[in-house]
Protein chains: 2
Amino acid sequence: MPDGYKAPVPTLERLATYLTVLTGFKSKGVDTVSSIDIEQHAGVNAAQVRKDLSLFGGFGKTGVGYNVTALHEHISKILKLEHTQRVLLVGAGNLGSALAGYPALRTENFKIVAVFDNNPRKIGAEIWGISIKDIASLVDENRSLGAKIGIIAVPASWAQQTAERLVEAGVLNILNFAPVVLRLPEGVTVRNVDFVQELAVLSYHIRSESEPG
Amino acid sequence: MPDGYKAPVPTLERLATYLTVLTGFKSKGVDTVSSIDIEQHAGVNAAQVRKDLSLFGGFGKTGVGYNVTALHEHISKILKLEHTQRVLLVGAGNLGSALAGYPALRTENFKIVAVFDNNPRKIGAEIWGISIKDIASLVDENRSLGAKIGIIAVPASWAQQTAERLVEAGVLNILNFAPVVLRLPEGVTVRNVDFVQELAVLSYHIRSESEPG
DNA sequence: TAGATTGTTAATCGATTAACAATC
DNA sequence: TAGATTGTTAATCGATTAACAATC
């Protein structure tokens, strides 16, 4: 891994999946797995698994496989998840509230450290033990919080300015739930989650009754 | 488009984005757009836009561009969204409730026609005007509803059996929010949305203070 | 007509998979 | 040792981008 090396995004997505799968193996007390075991649980071709892992170093033992605990640790480090990762959440509506209370985040070492909204009736209230703050205070608040990841769960029409404020606060990694293409400076990483898009792709695949399997 | 032709998934994902963008153009009263206009709003290379669209037919006019309304209609038809698409939602927890009330679904012609849960304290209650039904009745209920798309918003440990029940009910297109790889028969289309995975990919991209832009 | 922009072909790029020597 | 499985190279596959003739 040379200095500025960035792994392919598909590889990173799979690494995250391997991590979840390894957490499962750990809790079952399994201590060694082969790439084929991972294939079975992660739904990823065994050759692909080995290729992905070998990009970051030889974590396995020829003829034996991978040590579950060690591999879990290695991947955690690659994804910078060996320590808790602080996250800002903007938008305390239905979706934002659901995300704030999503238990899997905590399990995988993410922690939502602040929730912001611009609705005066929400500011000051609490969700899941976190008090909702005014969006206007976001930049200021993050000076002490130092979060590097932000989630946008605001209406589409507010997403762009929310993103800009996050960037201003030094949050250069953004998970965007609004169906809008954000225009942000170089060096900002954005991942979009678009429910409508997902359903649309499924809709395309609907077969009429007469179609063969 | 030959009979059993299936477009590449990346193309379908982009088509859904074009649809959203075109809805925007329509509401602004724009009536013609070029592939470069779409590039600017959808964040997709203009050549890619033309390639995607030409897979389904020549919707544009050389030297002129694409008629907004006509293109919107064409894409709607391709994605089977020209009429309302019925959707079953399983899981009436925080995430499920947020999805049930998600306004963009309605805008883009999706309608959640039933919500299921296995918690006796929830069954019979209502969310967003839809009454929550027992999961045990899913197959039976869908005989009259005839939905072809289902959303899984249950805990990971319930996801597999939920998926199997959906398939039994003839719902072969599944949007899965549980961080589990579903094992289902051939011919079932699954799309996974994994918040933790998304955040993990972002986490990888975090730069340390000293790193150059 | 001159300018603009499509649809499509060809070139490039990148990701996935298969195969196998190395080796535990 | 014999069997298993890695790490890696080479082959395949597919997706993206550039370029341009056709043409409105």
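Below, chains carry the letters A, B, ... as their sequence lines are ordered, and counting in each starts from 1.
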**Message:** Is the terminal nitrogen or CZ of A:K80 (NZ for Lys, CZ for Arg) located under 6.0 angstrom from the six-membered ring centre of B:Y204 and within 45° of that ring's axis?
**Reply:** yes
**Request:** Could you verify whether a donor N or O on one side chain and an acceptor N or O on the other, from A:T32 and A:N67, lie under 3.5 Å apart?
**Result:** no
**Message:** Return whichever of A:N45 or B:L53 has its heavy-atom-nearest nucleotide of DNA chain C closer to the 5' end.
**Reply:** B:L53
**Asked** More 5' along DNA chain C: A:K61 or A:T11, using each one's nearest nucleotide?
**Response** A:T11
**Asked** Among side-chain atoms of A:E82 and A:S76, is any donor-acceptor pair under 3.5 angstrom?
**Response** no
**Item:** Nucleotide nearest A:Y66 (side chain, heavy atoms from C-beta), chosen from D:dG7, D:dT16, D:dT9
**Value:** D:dG7
**Message:** Both A:T62 and A:A47 contact DNA chain D. Taking the nearest nucleotide for each, which residue is further toward the 5' end?
**Reply:** A:T62
**Request:** Name the closest nucleotide to the A:R50 side chain, picking from C:dA19, D:dC20, C:dT16.
**Result:** C:dA19
**Item:** Gap between atoms CG and P, on A:D52 and C:dT16 respectively (whole Å)
**Value:** 8 Å
**Message:** Stem finding on DNA chain C, please: runs of three or more consecutive Watson-Crick or G-U wobble pairs, both distances under 3.5 Å, sorted by first number.
**Reply:** C:3-24 with D:3-24
**Request:** Compute the centroid of each ring, for A:F25 and then for A:H41, and state whether the two points are separated by less than 6.0 Å.
**Result:** yes
**Request:** Figure out the CD/P separation between B:Q48 and D:dA15, and round it to whole Å.
**Result:** 10 Å
**A:N67 CG - C:dC24 C1' separation (whole Å)** = 15 Å
**Message:** Would you say the ring centers of A:F110 and A:Y102 fall short of 6.0 Å from each other?
**Reply:** no
**Complete:** Ranking A:S54 and A:G63 by the position along DNA chain D of their nearest nucleotide, the one closer to 5' is A:G63
**Message:** Considering every strand and a 4.0 Å limit on heavy-atom distances, what is the contact class for A:S35: base, sugar-phosphate, or nothing?
**Reply:** sugar-phosphate
**Message:** Closest approach to the side chain of B:S34, judged atom by atom: which nucleotide of C:dT5, C:dA10, C:dT17 is it?
**Reply:** C:dT5
**Prompt:** Is it true that B:R183 and B:E164 have a side-chain N and a carboxylate O under 4.0 angstrom from each other?
**Reply:** no
